[in-house]
Number of protein chains: 2
Amino acid sequence: MTSPRTAGTAPRSALTRARVLESAVDLADREGLGALTMRSLARELGIEAMSLYHHVANKEDLLDGVVDVVAVEIQDAVARLEPLADDAPRSAWRTATRRQILTARAVLLRHRWASTVLETRKTFSLPVIRYYDSLIGLMRHGGFSYDLVHHAMHALGSRALGFSQELFEPDGATAGSAGGGATEGADDAATAMLMQMAEQVPHMVEMLAAVSHEDGAGSTLGWCDDQSEFEFGLDIILDGLDRLAEREQH
Amino acid sequence: MTSPRTAGTAPRSALTRARVLESAVDLADREGLGALTMRSLARELGIEAMSLYHHVANKEDLLDGVVDVVAVEIQDAVARLEPLADDAPRSAWRTATRRQILTARAVLLRHRWASTVLETRKTFSLPVIRYYDSLIGLMRHGGFSYDLVHHAMHALGSRALGFSQELFEPDGATAGSAGGGATEGADDAATAMLMQMAEQVPHMVEMLAAVSHEDGAGSTLGWCDDQSEFEFGLDIILDGLDRLAEREQH
DNA sequence: ACCTGAACACCGTTCAAGT
DNA sequence: ACCTGAACACCGTTCAAGT
């Protein structure tokens, strides 16, 4: 004689903070960060918007929590890596660090909105700090002084977490799809603009010609933040740091 | 018998796109990016919000324009630098590049909101492209192949424009100041948190202790994106690039 | 205790109307 | 042509009320 909902033992869907955050991550994965509003998240969960405030303090807190979910995912992936043996040579810090960062990157590539949210957090998050802590540990293995570690973190910046700050990445779809068609045909306006101002920015035009020549088909105009470019920048920094660590050893 | 307003020759304040953008930059400088809304900007100019739409297509266009204003300011500052002589040695590219980037940084430090807006632009802007073009020119002087230039731009990322992606920068005031005082005393909660979890993140705690020990008074907990840290990261990358360019020369 | 509906103070933007 | 006021479709959030 219980209601159909409570027929089983579990109340079927006791709303918890964890469930709210999980659902928020899903929503952002599917429809982008712009689609993650208190109202749309509530609709997703089949409840009223105001009910969310029982599990998160406000939207800022929701975003904090959602970053934590991703950070935990990163930490889980990193924990699955083979740990650096205590008797490994000093130089092993470099490959281990490289691997950890690329592991974090792989997770962030599954949640493309996450880096944006990560940037705007102004408070420390335990899962993120633990990620950094393991990075610091690897550098200590590499013989880094704490001072050099500190500089290294600044030098890496967001690269420490697996993403780089790309100006002008070509992504496309962002906001709502409705709206009028007033400014249509602006797609390759950039290309046309570049051509017409060849004499204003000669080096840029030649570089783009040379680069797109070289790697043929897949190359779009503009900056292409693919894996190899990320690794190129990462390796330059790791090499530089390794040299400095070596110098610290006398 | 003209109205008092049109007594002189000039109509006193014909609203133009330039004036709108200028005022938007001022507003963002004074009160932050969050305070830059169509409505507040209109109030600033003493007009109605809807009148703005005669000079900018929409808010996105306003932000595009506001970035252009800053980019032009950067280009002006860069143009005032002593140009690289044609017969300067190959290695001169490095100091010239360094100087240009630090010049751009100085401008961005006067408009701290600008980097955030810059990141979110998805369309090329002529003033920004011209800035990049001059950077490319310097690298070409350094003997870079266009391919290496392309990699270099990726490696520099936002550093090319003078800012670095700092996770967790300590800034403070962001949103509105009113509101209730529910969660007071959360200021140094981060410090307390770090202390209590010393065994969870041992390297982090030790690093912070070592670093704050060293530079005494001015150091706040966390990451301190000051000028020297920026230059540290920049120099590592420039050194790495120079080595690669040297190698390309055989 | 958890959830709700109505309401408030904001957004960006459309539209028909003024001069 | 330029500017306006009212209105629309959204936000995040407060508050008093339901169970």
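Not measured: the values here are computed from a predicted model. Residue numbers start from 1 in every chain, and the chains themselves are labelled A, B, ... in the order their sequence lines are given, proteins ahead of strands.
Judged as a side chain to side chain contact (heavy atoms under 4.5 Å, CB included), and not counting sequence neighbours, the contacts of B:A152 are B:M139, B:F144, B:L241. With sequence neighbours excluded, no residue satisfies side chain to side chain donor-acceptor pair (under 3.5 Å) with B:T103. Annotation: ring pair (Phe, Tyr, Trp, His ring centres under 6.0 Å) contacts of B:H111 (sequence neighbours excluded): B:W113. Residues satisfying the side chain to side chain donor-acceptor pair (under 3.5 Å) criterion with B:D26, sequence neighbours excluded, are absent altogether. For B:D76, there are no side chain to side chain donor-acceptor pair (under 3.5 Å) partners, not counting sequence neighbours. Under the side chain to side chain contact (heavy atoms under 4.5 Å, CB included) criterion, A:P127 pairs with A:D68, A:A71, A:V72, A:S125, sequence neighbours left out. The side chain to side chain donor-acceptor pair (under 3.5 Å) test applied to A:T37 returns A:S40, not counting sequence neighbours.
Among residues at least two apart or in separate chains, salt bridge (Lys or Arg N to Asp or Glu O under 4.0 Å) pairs with a member in residues 53-66 of chain B are B:R17-B:D61, B:E60-B:R121, B:D64-B:R121. Residue pairs meeting the salt bridge (Lys or Arg N to Asp or Glu O under 4.0 Å) criterion with at least one partner in residues 38-55 of chain A, sequence neighbours excluded, are A:R30-A:E44.
Taking the side chain of B:T37 as heavy atoms from C-beta on, and the options C:dG12, D:dG12, D:dT4, the nearest nucleotide is C:dG12.
Within residues 52-67 of chain B, the residues that have a heavy atom under 4.0 Å from DNA chain D are, in order of number, B:H54, B:H55. Within residues 39-47 of chain A, the residues having any heavy atom under 4.0 Å from DNA chain D are, by residue number, A:R39.
DNA chain C forms stems at C:4-8 with D:12-16, C:12-16 with D:4-8, each a run of 3 or more consecutive Watson-Crick or G-U wobble pairs whose two key distances fall under 3.5 Å.
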